[in-house]
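Worksheet for the structure shown next.
Just so you know, residue 1 is the first one in the sequence shown, and it goes up from there. Here the structure is a predicted model, which means the values were calculated and not measured.
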Amino acid sequence: AEYNNGFRNTVRGEDRLKKVLIPTLQATIESITQNTDWHVDVYLILGFTLSDERRKLIVDALPDRVGLEIWNDACPLYYDKGNYEELVVNTRALARQHRFVIKDKLEYYDLFSCWEDDMKITSDHMQNFLQITNELSDLRSKAPEIKSEGDNGIDGMLSAGQLLNAIPGFIRVEVLKEGATSQPQSSMDPIEVDNSVRVNGESCCNGAHSEDLVLWETGIAALGVREFPGNELGWMAILPGSHARQENKISTYWSGEDGAFGSMRRPGGEGKYFANAGGIIVTREQIQHIDQVCKDLKDGTYLPPFTGKFWRGNSGLKPHNVEFWSGGYQVFGHCGMQRLLSLDSKTFSKQLLHHTSDNKQRQIAKNRLVKADHLLGQLQTVKQMAEKKLRM
C-alpha cells in the first residue's frame, strides 16, 4: 500500500512509501551495490499507481547504475463470488505477481531476491546465501543419486536428491522499541538456553544489540538439527515444512524427541511455527528445480501459467494468500523444499532479516516474541542432545 490502512497496528494514513518502502529499499540497495561486480536492477510491483512526483522520490534514492522498472496497479481482477458477474480486485494476489516478473527475466539474471516492502536485505545475506548454496552444490557433486534404503539418520551421507531440495533459509526479526519486551521466562519452550552464543545484529539490523532482536514466527519446538557431511556446513537446523513423507526429505533430530514437549506433535505448517520469511532469495537454477518439483508433486508449478490441477482453474487467485506466495507455504509446504539454518552464530546471524515496519511486537502476543539469542542458544542445546544420541 502507498499509505497505511491502520490494520496490524499501523497508523492509518501514514505515508508508507516514504516511511517504509523507500528507506528499506535504499538501505538494501546501498548494501548490495558495495559488491561492485554485481549488476543490480529493481522491479517494484505495486498495488497502486505511482505518480511521476512519487516515482522521482524512488529514483533519487537509488544509485545511477541501478535499473528501475515499476509495475503499477498490479493487483489482478477475479470473480470472488463464484457467479462470474462481479469482478473485484484481489489484493492478496499481489504477492503472486513477482512470479511473472521472474519468468519474464529468468534468463537475464543469476540471482533473484523477491520481498515484501518492509524486508531489508543486505550484501551479507546474499553472500552467505550463495556460500551455503555453493557448499550444498559441492556436496551434491560427490553424493549418491538416491539415499540408502532406510537411511533416516541425523549424520552421514545425503543423496544428491536430498541436497538438491535443500536451500538456505531465513527468519524475520524485529528490533524491540522502547517499552516493548520479549516473552517472559514462564512462556519459553522447555529447552535450556546455552548462553555461550549470541547473535550479531550487524548484518540485519544496523548493529542493534542482540538482546533487542526478537522473532515471532517460529520457536525451538518446531526445529530439528542434523550434521551435514564434510567440514564446511557442520550442524544445521531445518525449518518447518510439510509432514508428508517424501523420498528426498532430510531427517533431523527434533527438539522434542526426548519428551521435552510431552505428547505434542512436531509442528509443521502452523502459523506461529512455520517461519514465513516475507520473500525468498533464489538462483536461476534453484527456480528451475523448484518449478519442476512443484509440478511433479502437486501439478502446480512455481512459475506461470498456473494451469495445473493444483490450481483448480483459478490461476492461483483463490484461495491462496500472501503467506502462500511470499511466505513460503507453496515452496516449503506443498512442494517439500527444506530450509536450512546454520548453528554457527556468525552464519546464523546472516540468516536473520529485519522486518523494518517493527509492528509485530505491538500486534503479536508477548509470549510469542522469542529472543533470537535464546533460539540460537536452544539450538546449541538440541545439537548437544543429538550428539549424545549419536554416541549411544
Closer than 3.5 angstrom, by distance alone: can the side chain of [X] be matched with the main-chain N or O of [Y] as a donor-acceptor pair?
| X | Y | result |
| --- | --- | --- |
| S137 | T133 | no |
| N90 | P76 | no |
| N276 | G278 | no |
| Q351 | G169 | yes |
| W254 | A221 | yes |
| Q162 | K249 | yes |
| D104 | F100 | no |
| R362 | D358 | yes |
| S349 | S345 | yes |
| R96 | S315 | yes |

Verify the distance criterion only: is there a donor paired with an acceptor across the side chains of [X] and [Y] at less than 3.5 Å?
| X | Y | result |
| --- | --- | --- |
| E116 | S326 | yes |
| R92 | N321 | no |
| D118 | S357 | yes |
| N4 | K19 | no |
| Y109 | D41 | yes |
| E135 | Q131 | yes |
| D344 | S342 | no |

Can you check whether [X] reaches [Y] side chain to side chain, under 4.5 Å on heavy atoms?
| X | Y | value |
| --- | --- | --- |
| L375 | V199 | no |
| L163 | F228 | yes |
| V197 | F348 | no |
| I121 | L353 | yes |
| L106 | Q288 | yes |
| R226 | S251 | no |
| F261 | S255 | yes |
| T283 | D110 | no |

Does [X] have more than 12 heavy atoms from other residues, nucleotides or ligands lying within 6.0 Å of its [atom1]?
| X | atom1 | result |
| --- | --- | --- |
| D52 | CG | no |
| K105 | NZ | yes |
| E192 | CD | no |
| R12 | CZ | no |

Compare every heavy atom of [Y] with every heavy atom of [X], then report the nearest pair and how far apart it is.
| X | Y | answer |
| --- | --- | --- |
| R55 | L68 | NH2-O, 4.1 Å |
| D138 | K142 | OD2-NZ, 3.1 Å |
| L376 | L343 | CD1-O, 4.0 Å |
| L158 | P229 | CD1-CD, 4.2 Å |
| M157 | P144 | CG-CD, 3.6 Å |
| D194 | T381 | N-OG1, 3.7 Å |

field: Euclidean distance, L215 CG relative to K371 NZ, rounded to 0.5 Å
entry: 12.0 Å
statement: Here the gap from Q127 atom CD to I132 atom CD1, rounded to the nearest 0.5 Å, amounts to 12.5 Å
Can we say [X] and [Y] salt-bridge, meaning some charged N sits less than 4.0 Å from an Asp/Glu carboxylate O?
| X | Y | result |
| --- | --- | --- |
| K389 | D155 | no |
| K360 | E217 | no |
| K295 | D291 | no |

- request: Answer with yes or no whether the hydrophobic clustering places F332 together with I171; edges join I, L, V, M, F, W, Y residues whose side-chain heavy atoms lie under 4.5 Å apart.
  value: no
message: My understanding is that only residues two or more places apart in sequence, or in another chain, count here; which of them pass disulfide bond (SG atoms under 2.5 Å apart) with C335?
response: C294
task: Please test I167 against H289 for side chain to side chain contact (heavy atoms under 4.5 Å, CB included), starting from the C-alpha separation and ending with a verdict.
output: CA-CA 11 Å; I167 188 171; H289 174 68; over 6 Å; no
Look at the aromatic rings of [X] and [Y] and report parallel, tilted or perpendicular, splitting at 30° and 60°.
| X | Y | value |
| --- | --- | --- |
| W325 | W311 | parallel |
| F310 | F324 | parallel |
| F170 | F129 | parallel |

field: For Y273, all residues meeting ring pair (Phe, Tyr, Trp, His ring centres under 6.0 Å), sequence neighbours excluded
entry: none
message: The test is ring pair (Phe, Tyr, Trp, His ring centres under 6.0 Å); show your working for W216 and H355 and say whether it passes.
response: CA-CA 11 Å; W216 65 95; H355 181 243; 5.5 Å; yes
message: Quick check on side chain to side chain contact (heavy atoms under 4.5 Å, CB included): which of V89, N314, V88 does Y78 satisfy it with?
response: V88
Should side-chain heavy atoms under 4.5 Å link Ile, Leu, Val, Met, Phe, Trp and Tyr, which residues sit in the same cluster as [X]?
| X | answer |
| --- | --- |
| V322 | none |
| V293 | L297 |
| Y3 | none |

message: Before you tell me yes or no, could you show the steps for D124 and S203 under side-chain hydrogen bond (donor to acceptor under 3.5 Å, both in side chains), namely the whole-Å CA-CA distance, both residues' side-chain angles and the distance that decides it to 0.1 Å?
response: CA-CA 6 Å; D124 279 351; S203 293; 2.8 Å; yes
Ring-face cation contact, F274 with R339, 6.0 Å cut, 45° max: yes
field: Pairs involving residues 10-63, ordered by first then second residue, that meet ring-ring contact (aromatic ring centres under 6.0 Å, His included) (sequence neighbours left out)
entry: none
